[in-house]
Amino acid sequence: MTLFEPAEPAPVPEPFEPGAPLAARMRPRTLDEVVGQAHLLAPGSPLRRLVEGDAPMSLILFGPPGTGKTTLALIVSSATNRRFVQMSALNAGVKDVRAVIAEAKQHLGHSGRQTVLFIDEIHRFSKTQQDSLLGAVEARHVTLVAATTENPFFSIVAPLLSRSLLLTLQPLDDDAIGELVDRALTDERGLAGAVTLDDDARAHLLRMSDGDARRALTAIEAAAGTTLAEGRTGLDLATLEQAVDKAAVRYDRDGDQHYDVISAFIKSIRGSDVDAALHYLARMIEAGEDARYIARRLVVHASEDIGLADPTALLAAAAAAEAVQLIGMPEARISLAQATIHLALAPKSNAVITAIEAALADVRGGLAGSVPPPLRDGSYQGAAKLGHGMRYRYPHDAAEGVVQQQYPPDELVARDYYVPAGRGAERLLSERLPKLRAAVRGTPPPHPDGPVEAPNAAD
């Protein structure tokens with residue numbers, strides 16, 4: 001790719017007015033100042049090639065708030081010396097879009113200068129509004145840079161998506177937010193060393209920002225203003241709590257509180273105390289615990305402590321985990337709460353984990369005999385000569401769908417692993433299972449009314 005060499009040096013961003021928000025003053029001006037999003041900023045990556053090259057490539061920036069979508073749009077514009085036009089899908093219509101495109105064509109024809117059209121919240125554009133962009137993007141009259149917090153495969157029309165490069169931005173981690181905060185405290189564009197930040201206040205700031213850089217910088221600006229107004233230079237936890245109206249939750253994601261609270265959460269669900277479970281869920285959410293971690297624990301618990309007593313519990317937990325991935329926080333808190341309530345109120349059974357642990361114990365103890373010949377693979381040439389697959393009885397040939405047949409190795413015949421708890425949906429299984437075992441094994445009926453009737457075993 002040929003590097004873009006503008007006819008004149010790219011404009012240096014003008015200094016912000018003293019009254020500009022801290023988040024605006026600290027906005028990165030080059031890719032090297034951007035923190036986080038390493039997967040997008042690596043040498044040779046499409047984004048870096050776009051900034052350093054001359055290809056008018058359109059972008060869809062997908063990610064949660066405060067992760068740098070607007071920043072990257074500004075960098076694309078300034079680094080390539082293109083015109084920058086910004087509009088919001090909240091208040092722009094088709095007429096506004098067509099006016100920008102007409103002006104872009106005029107500039108392109110007179111001076112050859114490309115226009116970067118940045119559309120924030122593009123998922124709020126109707127299909128008609130999005131379709132109005134297609135011709136200009138296709139002809140490269142504008143370089144579209146669109147930002148969305150919604151899944152673009154659901155919220156952006158396919159033709160526009162196919163004409164653009166999709167870049168997914170991830171929530172910033174604590175290290176990235178911390179770097180931005182430290183930079184804002186000392187940089188001349190920021191607070192220029194006017195205040196210092198106590199360690200506990202810094203930890204709370206990182207937790208409550210939840211990966212949103214703008215939220216962190218807005219909070220520290222408000223708290224710093226209070227600190228300086230009171231004639232102090234040390235920004236403490238109490239001042240930060242007051243400024244953001246959010247109390248610090250005692251919770252260390254790498255320490256005792258993390259393990260204690262998640263333990264209490266799971267034990268409350270296991271104990272069917274839905275209110276306590278919701279309390280611990282709220283503590284984790286408020287403290288900034290990784291929602292994916294909470295979702296994973298719910299999925300494990302659904303099988304470990306509920307199992308087949310409520311077969312829908314695993315579906316509910318898995319759906320909550322998918323919702324966390326699809327929509328993220330804070331909206332996913334509702335799905336997590338729904339799954340928590342479902343699991344807490346469900347009948348409990350540990351029969352599933354007990355069964356698999358018992359089976360594993362036998363296998364580890366050496367009880368892993370040969371597969372019975374009728375169950376072995378008989379699909380390849382020569383299998384019949386070895387007796388593989390011979391005398392296998394197809395259950396669907398029986399009216400009841402069950403036939404007498406040996407399935408386990410000889411060493412494990414009549415060994416029971418799964419023992420239903422007799423609660424919830426497992427009550428029906430506890431009645432059905434003995435009949436199935438009797439039919440398969442050819443043993444006497446367990447109940448007076450007899451088992452599922454099995455045909456005679458093959459010779």
Side-chain angles (χ1 to χ4, degrees), residues 270 296 298-319 321 343 346-459:
R270 182 182 297 136
R296 288 195 297 268
L298 288 170
V299 172
V300 171
H301 175 75
S303 292
E304 180 178 357
D305 288 300
I306 298 171
L308 293 173
D310 180 356
T312 66
L314 181 58
L315 299 178
L343 270 57
K348 305 301 189 292
S349 170
N350 67 346
V352 171
I353 187 173
T354 300
I356 187 59
E357 291 301 321
L360 286 170
D362 277 354
V363 171
R364 291 164 182 162
L367 289 177
S370 300
V371 175
L375 270 61
R376 297 181 187 178
D377 180 18
S379 62
Y380 58 92
Q381 187 175 4
K385 294 181 180 180
L386 299 174
H388 293 183
M390 303 296 291
R391 297 193 300 170
Y392 170 67
R393 308 193 66 194
Y394 190 54
H396 295 289
D397 289 339
E400 302 82 1
V402 181
V403 297
Q404 181 182 339
Q405 187 162 235
Q406 179 183 331
Y407 291 98
D410 292 340
E411 296 88 337
L412 295 169
V413 170
R415 196 170 188 85
D416 297 344
Y417 292 122
Y418 177 53
V419 182
R423 292 185 291 274
E426 275 195 317
R427 181 182 295 110
L428 298 177
L429 296 179
S430 66
E431 297 172 359
R432 176 173 168 77
L433 180 57
K435 298 177 183 180
L436 288 172
R437 282 173 173 158
V440 170
R441 297 170 182 175
T443 56
H447 299 296
D449 57 350
V452 177
E453 185 175 340
N456 292 331
D459 294 334

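All residue numbers in this chain count up from 1 along the given sequence.
The CG atom of L314 lies 9.0 Å from the CG atom of L343; values are rounded to the nearest 0.5 Å. Atoms NE2 and CD1, from H301 and I353 in turn, are 11.5 Å apart once rounded to the nearest 0.5 Å. Rounded to the nearest 0.5 angstrom, L308 CG and R423 CZ are separated by 13.0 Å.
The shortest heavy-atom contact between V352 and S303 is CB-O, 3.8 Å. Residues S430 and G422 approach most closely at OG-CA, 4.1 Å, considering heavy atoms. Looking at every heavy atom in both residues, Y417 comes nearest to L412 through OH-CD2, 3.6 Å. In plain terms, the two heavy atoms of L433 and Y418 that are nearest each other are CD2-O, 3.5 Å. Scanning all heavy atoms of the two residues, the minimum distance from P347 to G424 falls at CG-CA, 3.7 Å. The minimum heavy-atom distance between A309 and S349, with the atom names listed, is CB-CB, 3.8 Å.
Under the 3.5 Å distance criterion, the side-chain polar atoms of R391 are left unmatched by any main-chain donor or acceptor of P374. Listed for the E426 side chain is a donor-acceptor partner under 3.5 Å among the backbone atoms of A421. Judged purely by atom type and a 3.5 angstrom limit, E304 has no side-chain atom pairing as donor or acceptor with the backbone of I306.
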Criterion side chain to side chain contact (heavy atoms under 4.5 Å, CB included) on R393 and D397, from CA distance to verdict: CA-CA 8 Å; R393 308 193 66 194; D397 289 339; over 6 Å; no
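Within the 4.5 Å cutoff, side-chain heavy atoms of Q405 are placed close to those of Y392. Side-chain contact between V419 and T354 is absent, with no heavy atoms from C-beta onward closer than 4.5 Å. Taking the side chain as every heavy atom from C-beta outward, Q406 and V413 approach each other to under 4.5 Å. R364 places a side-chain heavy atom less than 4.5 Å from the side chain of L360.
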